[in-house]
2 protein chains.
Amino acid sequence: MRKPTIQDVARHAGVGVGTVSRVLNNHVAVKGATRESVLKAIADLEYTPNPHARRIAGGRSYTISVLLPVLTTEFYVRLLDGLETAFQEARYDVAIFPLLDRSRLERYLGSHTLAYQADGLVMATYNLTQMFHERRLRTQQPTVLVDAFADNVDSSFMDNVAGGRMAGEYAAQFSGDLYAVWVETELDQLFTTRVFEDRRSGFMSALDTAGRTIRAEYTSSFDSLAARNTAATVLNQAQEAGLPCTVFASADMLAGALLDEVRLRGLKIGQDVRVIGFDDQPWAAERGLTTLHQPVESMGYEAAQLLLSRLNGYKGPARARRFEPRLIIRGSA
Amino acid sequence: MRKPTIQDVARHAGVGVGTVSRVLNNHVAVKGATRESVLKAIADLEYTPNPHARRIAGGRSYTISVLLPVLTTEFYVRLLDGLETAFQEARYDVAIFPLLDRSRLERYLGSHTLAYQADGLVMATYNLTQMFHERRLRTQQPTVLVDAFADNVDSSFMDNVAGGRMAGEYAAQFSGDLYAVWVETELDQLFTTRVFEDRRSGFMSALDTAGRTIRAEYTSSFDSLAARNTAATVLNQAQEAGLPCTVFASADMLAGALLDEVRLRGLKIGQDVRVIGFDDQPWAAERGLTTLHQPVESMGYEAAQLLLSRLNGYKGPARARRFEPRLIIRGSA
DNA sequence: GACACGCTTGGAACCCGTTCCAAAAAAGGC
DNA sequence: GCCTTTTTTGGAACGGGTTCCAAGCGTGTC
């Protein structure tokens, strides 16, 4: 038996093909009752639209390119989840390009072909280069930034300053010394994220407002060995200077290392040493880590919506969507 | 400037659209001169056909599913190379499914969706299960086996018996003891390959014909540690029983381990110990290994052709294409 | 030279969606 | 209740290929 077509659905529902198309694409101008009958016909016939026909009739590829640094981290997995959810709803395909280093990004941006094929572009965590601007002007390809910001481009990002501030306000209420650990990212300058600078400035301003000062700050890279060393250094200093103390670890990774080290030294978490993390990694709940949860999926979902609105003809000025982390208080602080 | 269409090409070449389509699809019924002018027009306009339009007009997906156990080995990489070359020529896309274990294969075979999308199926190294037969009858999906054989299905495979025989005939001419090492594959029964049984039976029959007997046989698994151990065992025995000797290693992997071990013991390769491999791995030339080269790419290419002919309407009985390895004599034997 | 047959070729019909325009229906205004 | 405006709807045109039929051409035969 032949696959049903949009014609079959239209006939079955007693409406025109245009109406069926409108329902499929969520165009608003369809009355509730009509929409229902179309949806019923679709279900009855087990109709699935032919994506190729759609692409040729629509004159687009219905494909979005997503550029990101890596896809092996929790953060980007969640981000993609949000992006893909939104694009799937709009029946767009997603092509993912993990562009670990500068040369790959430039190769990508330089290639006409890919620009030609995707209807839109999502760039995650990228610093906008001159090259990118030129290309955007040249190709007119609708673009959205996610986890990044620039003037004149739609963007969706996390307010890390606010997140840092929340951590700072919460930390300020505890007596004892305050410490903080920041992360030095190893990404190329191209991919610079201001994430940790932002968290720091929010944190510091909160302490300032509360009239508190920080005892010491540390920096670690992202690998687990470095995190372990840093944790040891912090605790050495803290034990020497006197407990209790409160440590803001600007990434859960670091917070985890601190929890390990605290336990190792027979100290009491949340008492001798309070730890505040950032990220709310999957394991944070079971380890009782007080941390900042980021609505990463929402940020991705919203980025996709911004792009889709452009694809549907929105011509207005660039929009920026800001998302705030949420402090999740568990046992560690 | 708009992308040129088949209409533009037809106009530019002064022919009808049908003719252009015929040239694009390599239909024979186009005169040389006409074909040339069409090709020139295509080049002039930098025309590239729109694959979506093709899929909708042609009523097919122009996509082939390739099922194979893994794609990390030399063998499957070369196989895919041959398959993809042929499919690209015919402008088909290839979707690759590495189905490492039984559950994934069954999940794949059970799913209607994928069956629905691909125009044809290439199965590499799979034993045909009952499930597969039922599915084939149900979906009528054109299928070809590669590196495997079954009645009533098109297939393209290596004649490992012949390969073993060549090794045997060559080995038989040398004086001294004869040894052989076989491989025990760890693949699920579903993916059974008779490769090593076949090589063995060919090898043995050749010795038989030549009136020679084998001194001892060994079996190893495919990992390098096991290969090293096996090599040591073989050489212990050989040194005890007396050199020179000749060893047929039914996979280059094993032959490589033997070469290492021979050198380690200060023996002369090709003199004290002769080694014959099988596979002609990329490193075999520089290490001077006498081995059997398999035309794996050709086997894949031919498999694709068999499938394409079905897709183009061939209705005849199942065909089987047999490929013979070629003995490459280098220094080791 | 006329006729038949097979090989090439042109082009209309078709594949299955989206879009746009005009028409129909509904809502609003008096 | 009638007219205007707005919302909703039907369906033709279109997008870029493939396929099939009929027509054109060339060659071979007598």
Side-chain angles (χ1 to χ4, degrees), chain A residues 2-39 41-42 45-63 90-93 116-117 119 308 311-313, chain B residues 2-39 41-42 45-63 90-93 116-117 119 308 311-313:
Chain A
R2 226 183 70 271
K3 262 192 114 171
T5 74
I6 201 171
Q7 308 285 344
D8 301 325
V9 174
R11 206 172 310 122
H12 191 90
V15 302
V17 291
T19 305
V20 177
S21 178
R22 270 166 232 132
V23 170
L24 285 171
N25 292 291
N26 291 315
H27 285 297
V28 271
V30 178
K31 251 200 327 206
T34 318
R35 151 178 255 98
E36 290 312 316
S37 71
V38 170
L39 290 176
I42 289 175
L45 300 176
E46 298 186 348
Y47 167 74
T48 46
N50 180 324
H52 307 304
R54 182 168 194 245
R55 283 190 246 263
I56 129 141
R60 330 179 175 175
S61 68
Y62 291 95
T63 300
R91 300 196 290 141
Y92 273 72
D93 280 348
Y116 214 22
Q117 308 224 349
D119 297 329
L308 287 168
L311 295 176
N312 290 330
Chain B
R2 227 182 70 272
K3 261 192 114 172
T5 73
I6 201 171
Q7 308 284 344
D8 300 325
V9 175
R11 205 172 312 122
H12 191 90
V15 301
V17 292
T19 305
V20 178
S21 178
R22 269 166 232 132
V23 170
L24 285 171
N25 293 291
N26 290 315
H27 286 296
V28 270
V30 178
K31 251 201 324 211
T34 318
R35 150 178 255 99
E36 290 312 318
S37 70
V38 170
L39 290 175
I42 288 174
L45 300 176
E46 298 187 348
Y47 167 74
T48 46
N50 180 324
H52 307 305
R54 182 168 193 242
R55 283 189 247 261
I56 131 146
R60 330 179 177 174
S61 69
Y62 291 97
T63 300
R91 301 195 290 140
Y92 273 73
D93 281 347
Y116 213 21
Q117 308 225 349
D119 297 331
L308 287 169
L311 295 175
N312 290 330

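Sequence lines set the chain letters: A, B, ... in the order given, protein chains first and strands last, and positions in each chain run from 1.
Within the nucleic acid shown, B:Arg55 has no heavy atom closer than 4.0 Å to any nucleic acid atom.
Protein atom CD1 of A:Ile6 is 13 Å distant from nucleotide atom P of D:dG11, rounded to whole Å. Straight-line distance from the CG atom of B:Asn26 to the P atom of D:dG17: 16 Å, rounded to whole Å. The NE2 atom of A:His52 sits 16 Å away from the C1' atom of C:dT18 (whole-angstrom rounding). Distance, A:Arg35 CZ to D:dT7 P: 17 Å, rounded to whole Å. Note: NZ (A:Lys31) to P (D:dT6) measures 18 Å, nearest angstrom. The CD-P distance, from B:Gln7 to C:dC14, rounds to 17 Å in whole Å. Between B:Leu45 atom CG and D:dG16 atom P there is a gap of 14 Å when expressed in whole angstrom units. Regarding B:Asn312, its CG atom lies at a distance of 13 Å from the C1' atom of D:dT18, rounded to whole Å.
In the set D:dT18, D:dG15, D:dG10, D:dG10 carries the atom at the smallest distance from any side-chain atom of A:Arg22. The side chain of A:Ile56 approaches D:dG15 more closely than any other nucleotide in the set C:dT8, D:dG15, D:dG17. Set against D:dG16, C:dC16, D:dT18, the side chain of B:Leu24 has D:dT18 as its closest nucleotide. Set against C:dT19, C:dC15, C:dT8, the side chain of A:Ser21 has C:dT19 as its closest nucleotide. Nearest to the side chain of A:Asn25, among D:dG17, C:dG17, C:dT18, sits C:dT18.
Every residue two or more places apart in sequence or in another chain was checked for a side chain to side chain donor-acceptor pair (under 3.5 Å) with A:Tyr62, and none qualifies.
Side chain of A:Asn25 to backbone of A:Arg22: no donor-acceptor contact under 3.5 angstrom is found. Checked by atom type and distance alone, the side chain of B:Asn50 pairs as donor or acceptor with a backbone atom of B:His52 at under 3.5 Å.
Partner A:Val38 forms a side chain to side chain contact (heavy atoms under 4.5 Å, CB included) with one of A:Val20, A:Val30, A:Leu24 and no other, that one being A:Val20.
In this structure the side chain of A:Thr19 never reaches within 4.5 angstrom of the side chain of A:Arg35, judged on heavy atoms.
Residues from residues 11-20 of chain A that place a heavy atom under 4.0 Å from any atom of DNA chain D, listed by number: A:Gly14, A:Val15, A:Gly16, A:Val17, A:Gly18, A:Thr19.
One finds no side-chain N or O of B:Tyr62 lying less than 4.0 angstrom from the OP1 or OP2 phosphate oxygen of C:dC15.
No side-chain donor from either of A:Arg91 and A:Asn26 sits under 3.5 Å from a side-chain acceptor of the other.
Between A:Asp93 and A:Arg55 there is a salt bridge, since at least one side-chain N of the basic residue sits less than 4.0 Å from a carboxylate O of the acidic one.
Of the two residues near DNA chain D, A:Ala57 and B:His27, the one whose nearest nucleotide lies more 5' is A:Ala57.
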